[in-house]
Each structure stands twice: as C-alpha cells, then as structure tokens.
2 protein chains.
Amino acid sequence: MNDSGENGEKKKSRRPSQERTAQRDPERTRAAILEAATREFAENGMGGARVDAIAERAGTNKRMLYHYFGDKEQLYLRVLEEAYVGIRTAERALHIGDRSPEEGIGELALFTWRYFLQHPEFLSLLGTENLHRARWLRQSVRLKELHSHLIGELSQVLEQGKKQGVFVETADPLHVYLTIASLGYFYLSNQYTLSTIFGRDLIEPTHLNAWESHIVHVTLASIKR
Amino acid sequence: MNDSGENGEKKKSRRPSQERTAQRDPERTRAAILEAATREFAENGMGGARVDAIAERAGTNKRMLYHYFGDKEQLYLRVLEEAYVGIRTAERALHIGDRSPEEGIGELALFTWRYFLQHPEFLSLLGTENLHRARWLRQSVRLKELHSHLIGELSQVLEQGKKQGVFVETADPLHVYLTIASLGYFYLSNQYTLSTIFGRDLIEPTHLNAWESHIVHVTLASIKR
DNA sequence: CCATCAAGTAACTGTTTAGTTACCGGCTTG
DNA sequence: CAAGCCGGTAACTAAACAGTTACTTGATGG
C-alpha cells in the first residue's frame with residue numbers, strides 16, 4: 001500500500017546518546033518480570049493471573065516473558081522457588097542455637113511472624129500452591145535440600161532444652177515449627193474473612209502486637225515443663 | 001438433508017409413566033448446581049473455576065445456572081454462604097457450656113479439627129475468598145448475625161473457667177478460637193506443600209491423630225492457670 | 001383441549017487469553 | 001564494515017471463556 005510512503009526523512013533520528021546506559025539490559029528485564037509475576041500470582045492465584053498483566057507490570061512484553069521463562073507454569077514455579085529461598089535464607093541467618101533454648105524458640109517464633117507480616121505475597125503463593133495440591137512444587141528439583149536445615153537446627157535446640165530440663169520430653173521439632181507457622185499463617189492469610197465475620201479489624205497495630213505476644217506465649221507454653 | 005428421514009413412527013413414544021417422578025425438578029437441579037459449584041470453586045478457586053464445568057458436573061447446562069443464580073459471582077457467594085452456615089450450625093449443636101470449662105474448650109477444639117478434616121472444601125473456599133480480600137463475603141447481608149453466637153458462648157465458658165480458677169484471667173475468646181482454628185486450618189490446608197518440603201505424609205492417620213491431640217493440648221496449655 | 005408458563009436444551013457471540021510470528025535496531029566481532 | 005545475533009516490540013491466532021438467544025418439552029388450570 002504505502003510502499004512509496006517510506007518518507008525521505010531519515011527515520012533514524014539517532015538519539016544523542018544522553019543516558020548511554022542500556023535500555024537494553026537482560027538482567028534487569030528478567031528481574032522485573034520475576035517481581036511482577038510474584039505480585040500478579042500472589043494477588044490473583046495461578047488461575048486468575050494474566051500473562052499480559054505480568055508483562056505490563058514489568059514494563060516489557062510477553063515475548064520477553066516467554067523468552068526468559070518458557071511459559072506461564074515455569075514462570076510460576078520460579079516465583080514459588082524464589083519465595084521459599086527467601087524465607088529459608090533469612091531463617092538460617094538467625095542462628096537460634098546461639099542463645100538459651102527458650103530464647104531460641106521465642107526468636108524463631110518472632111522471626112516467622114514478622115517475616116509473614118512483611119511478605120504477604122509469600123503466604124498467598126503458599127495458598128495458591130496448596131489449592132493445587134503442590135502440583136508445581138512437587139516438580140521442583142531445587143528444593144529438596146533447602147528445608148532440612150531448619151528442622152535440624154530446631155531439633156538441636158529442643159534437645160538441649162530437654163537436657164536442661166526446661167522442655168518436656170515429648171516436644172517434637174516438626175510440631176513446634178507447625179505450631180509457630182500455623183498461628184502466624186492463619187491470622188494473616190485469613191484476616192479478611194475473619195475481620196469481616198467477627199467485626200474486628202485484625203490488621204490494626206494493637207491487635208497485631210497482641211497476636212505476636214500470643215504466638216510466643218502459646219509456643220513456649222506448649223513445650224515448657 | 002434428511003428431511004424425509006423424519007420417520008413415520010410417532011416420535012412421542014410416550015413413556016408408560018414408569019417413574020412418573022419429574023425429570024423436571026427445579027429443587028433438585030438447583031441443589032445439584034450448588035453442590036457442583038462448591039466442588040468446582042473449592043478445587044479451582046474463583047479464577048480457575050469454569051461455569052461450563054459446573055453445569056456439566058451438575059448434569060445440566062449453563063442456561064439453568066444463570067437462571068437460578070444470576071451469574072458466576074452470585075453463585076460463588078451462595079456457595080460461600082452455605083459453607084459458613086454449615087459449620088456455624090454444627091457448632092451450635094455442640095453446647096460447649098454444658099460441661100466443665102476445660103472439657104468445653106477441648107470439645108470445641110476437637111469439633112473444629114474434625115469438621116475441617118471432613119470438609120476440605122470449606123477450607124479451600126476460605127482460602128480463595130481471602131485471596132480476594134473477602135471481596136464477595138463483604139457483600140453478603142446474610143452473615144452478620146451468624147458468627148456472634150460462637151464468640152458469645154465461648155466467652156461464657158471462659159468466664160466460668162476464670163471464676164473456677166482453672167483459666168488465666170488474660171484468656172480472650174477470640175484469641176482462643178483463632179488458636180484452635182489456626183492449628184487445624186494450617187495443617188490441613190497446607191498439607192501438600194508441607195508434606196513435600198518436609199518429606200512426611202501429613203495426611204497419614206498416625207500423624208493426623210498426633211496433631212489432633214496436639215491441638216487440644218496446645219489450646220488448653222495456653223489458657224490454663 | 002388449548003393457552004400459557006416454567007423447566008430444560010443446544011448452538012451461538014463477543015471477548016479474553018496463552019502462546020506465536022514477523023519484524024526492528026543496535027551492539028559485537030571477524 | 002558487514003554479518004549476524006540478541007534484546008526488544010507489536011500485531012496476530014486459535015482456543016477457551018462467560019454470558020445470551022432461539023428453541024423444545026411437558027405440566028397445569030380455565
């Protein structure tokens with residue numbers, strides 16, 4: 001049609017290299033997609049998340065998303081893996097064995113609660129993954145090792161506490177961790193329905209602080225001799 | 001094409017009223033849609049659920065679904081409302097005030113755990129609704145009253161326990177209920193990721209029973225003087 | 001016995017969606 | 001300096017989707 005419309009003006013118009021630094025930056029684009037995907041999957045779940053929305057949030061387009069991550073499912077799995085790496089890495093830095101057993105457990109409970117509070121997207125991703133019965137997580141090859149450290153360290157702290165006579169003999173490391181995680185997860189992830197049906201705004205700082213103390217108290221009460 | 005193939009045999013063939021009872025049954029169709037929708041929404045969430053799939057599961061078609069429930073969102077809200085009515089109704093039948101305070105609380109904890117265990121679709125619906133920040137539940141006009149009874153009854157039991165000196169003065173009814181619900185909800189709704197990352201099948205009867213005892217133990221340990 | 005209305009079917013429609021293709025432009029390297 | 005490769009764009013496609021329309025069937029009351 002408009003073959004002749006090519007137009008003599010040099011279309012180049014070559015921008016005067018102001019800000020030479022890369023419009024072209026693979027690493028940044030990749031990271032932007034991953035972050036945008038984390039938010040989109042966390043807000044809408046696997047079924048509700050839109051590939052177009054992720055591309056737009058990342059300030060790029062679908063072509064790049066498929067280029068770097070394959071397809072929607074693989075991108076979702078990367079998001080989930082990164083989320084787990086995040087919490088397990090931060091957990092390791094705690095070194096709960098450095099204090100008294102009681103303080104160590106209290107520390108872990110506080111840390112877990114605060115991490116959940118500051119990373120709502122992590123809770124949301126867990127919810128989504130469980131809705132699908134861990135369909136994607138099960139395929140992950142990167143995560144088998146990641147979690148054993150936590151249970152190992154927790155186990156040592158409990159043993160020490162038993163030896164010192166401050167913890168009951170029946171205290172089990174997985175149960176202790178599940179107790180801590182349960183109390184934090186449910187309160188935060190279900191805050192919207194709970195606030196609605198009980199007519200109390202659970203995210204208000206006063207209630208938040210009360211629940212934080214409650215978690216530490218319940219956890220220790222359940223294992224102290 | 002086969003206009004002439006109409007075939008002289010009277011098509012009516014009027015079945016001999018064996019089983020006169022309605023192929024036509026509004027109430028049954030309605031109930032079938034509601035049940036099919038409960039399963040579909042529980043399995044796939046709001047974003048992942050398919051209206052066609054619900055119609056097929058109900059053994060009917062989309063026309064009826066839209067006829068009885070308006071649209072997908074209204075159907076979803078009905079499903080959610082019915083789920084809440086289910087648990088709150090069963091809870092009322094417990095009459096936790098009829099026993100000693102300690103037994104009453106233990107009873108409530110056991111009931112809640114077992115109800116969650118037998119109604120995974122309820123947990124799943126809660127998860128979905130919270131992903132969407134209670135967007136639909138908030139619109140419900142039917143549910144304001146429903147939940148106050150639970151807190152009221154629980155409050156009385158706690159007061160009685162305090163008067164008898166078996167519970168600490170700081171025990172709070174909402175906290176007690178949230179504790180019970182947390183421990184049951186998290187264990188069950190997150191069983192898939194937990195079983196995967198910790199390499200232990202949480203749904204196995206042995207572990208299930210251990211966690212049941214754990215919930216009762218933790219709940220009481222947190223409020224006993 | 002026929003007029004009417006509710007229950008039910010199935011095919012259709014416009015839109016949204018995951019995934020693809022054809023193309024652009026600048027940087028690197030032989 | 002040209003060849004080709006890599007980061008990037010935008011328009012396209014086939015399928016899936018929520019919601020609608022045109023139609024059929026059967027029960028009921030005047």
Side-chain angles (χ1 to χ4, degrees), chain A residues 1-3 6-7 9-34 36-37 40-41 43-79 136, chain B residues 6 10-34 36-37 40-41 44-79 136:
Chain A
M1 220 176 246
N2 51 353
D3 323 351
E6 282 287 309
N7 190 335
E9 303 289 344
K10 290 295 151 298
K11 61 263 285 301
K12 282 290 132 67
S13 86
R14 192 173 289 268
R15 291 182 196 77
S17 88
Q18 26 95 323
E19 213 61 62
R20 282 201 63 80
T21 37
Q23 311 94 308
R24 221 132 191 245
D25 187 339
E27 237 3 273
R28 205 188 37 147
T29 301
R30 212 189 130 88
I33 292 172
L34 204 59
E40 177 73 10
F41 283 123
E43 285 173 23
N44 302 297
M46 179 62 179
R50 298 293 161 242
V51 172
D52 294 82
I54 295 170
E56 199 187 328
R57 289 179 110 143
T60 178
N61 56 68
K62 282 194 289 187
R63 176 70 177 74
M64 291 294 94
L65 189 157
Y66 284 98
H67 182 243
Y68 289 122
F69 296 97
D71 63 9
K72 188 183 178 182
E73 302 197 9
Q74 287 176 67
L75 174 57
Y76 167 78
L77 180 55
R78 287 307 298 268
V79 164
W136 290 282
Chain B
E6 281 286 310
K10 291 293 149 302
K11 57 278 283 291
K12 282 289 133 65
S13 88
R14 198 173 286 269
R15 291 183 195 76
S17 89
Q18 26 94 325
E19 215 60 60
R20 280 202 62 81
T21 36
Q23 311 92 305
R24 221 127 192 256
D25 187 339
E27 236 4 272
R28 205 188 36 149
T29 301
R30 214 189 127 87
I33 292 172
L34 205 59
E40 178 73 10
F41 284 123
N44 302 297
M46 179 63 179
R50 297 292 159 241
V51 171
D52 293 84
I54 295 170
E56 200 188 328
R57 288 178 111 144
T60 179
N61 57 67
K62 281 193 290 187
R63 177 69 176 75
M64 290 296 95
L65 188 154
Y66 284 97
H67 182 244
Y68 288 122
F69 296 97
D71 64 9
K72 188 182 178 183
E73 301 197 10
Q74 288 177 66
L75 174 57
Y76 167 78
L77 179 55
R78 288 307 298 269
V79 164
W136 289 283

For B/Phe41 and B/Ile54, what are the C-alpha separation, side-chain angles and deciding distance, and is it a side-chain contact (heavy atoms from CB on, under 4.5 Å)?
CA-CA 9 Å; B/Phe41 284 123; B/Ile54 295 170; 4.0 Å; yes
Value in whole Å for how far the [atom2] atom of [N] lies from [atom1] of [X]:
X	N	atom1	atom2	result
A/Glu56	C/dT17	CD	C1'	15 Å
B/His67	C/dA6	NE2	P	8 Å
A/Glu73	C/dT17	CD	P	17 Å
B/Met64	C/dT9	CE	P	7 Å
B/Tyr66	D/dC17	OH	P	12 Å
B/Ile54	D/dC17	CD1	P	12 Å
B/Leu65	D/dG19	CG	C1'	10 Å
B/Phe69	D/dG19	CZ	P	14 Å

Consider the side chain of [X], meaning its heavy atoms from C-beta on, and name the nucleotide among [options] that approaches it most closely.
X	options	result
B/Tyr68	D/dA18, C/dA7, C/dA18	C/dA7
A/Asn61	D/dT9, C/dG19, D/dG19	D/dT9
B/Thr29	C/dG19, C/dG8, D/dG7	C/dG8

Below the 4.0 Å mark, does D/dG19 have OP1 or OP2 next to a side-chain nitrogen or oxygen of B/Lys62?
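For B/Lys62, the contact criterion (side-chain N or O under 4.0 Å from OP1 or OP2 of D/dG19) is not met.
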Taking only N and O in the side chain of B/Thr60, is any of them less than 4.0 Å away from OP1 or OP2 of C/dT9?
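It does, given that an N or O in the side chain of B/Thr60 lies less than 4.0 Å from OP1 or OP2 of C/dT9.
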Select base, sugar-phosphate, or nothing to describe what B/Ala49 touches, counting heavy atoms under 4.0 Å on all strands.
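B/Ala49: backbone/sugar contact only, no base atoms under 4.0 Å.
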For B/Trp136 against B/Leu77, the heavy-atom pair lying closest together:
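Minimum heavy-atom separation between B/Trp136 and B/Leu77: O-CD1, 3.5 Å.
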Please report the closest heavy-atom contact between B/Arg50 and B/Lys72, naming both atoms and the distance.
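Taking B/Arg50 first and B/Lys72 second, the nearest heavy atoms are NH1-NZ, 4.3 Å.
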Taking for each residue the nucleotide of DNA chain C bearing the nearest heavy atom, is the 5' side occupied by A/Arg63 or by A/Asp52?
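Upstream on the strand: A/Asp52.
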From CG (B/Leu65) to CD (B/Glu56), nearest 0.5 Å:
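Here the interatomic distance stands at 13.0 Å.
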Could you go through the side-chain contact (heavy atoms from CB on, under 4.5 Å) check for A/Leu34 and A/Arg78 one step at a time?
CA-CA 8 Å; A/Leu34 204 59; A/Arg78 287 307 298 268; 4.1 Å; yes
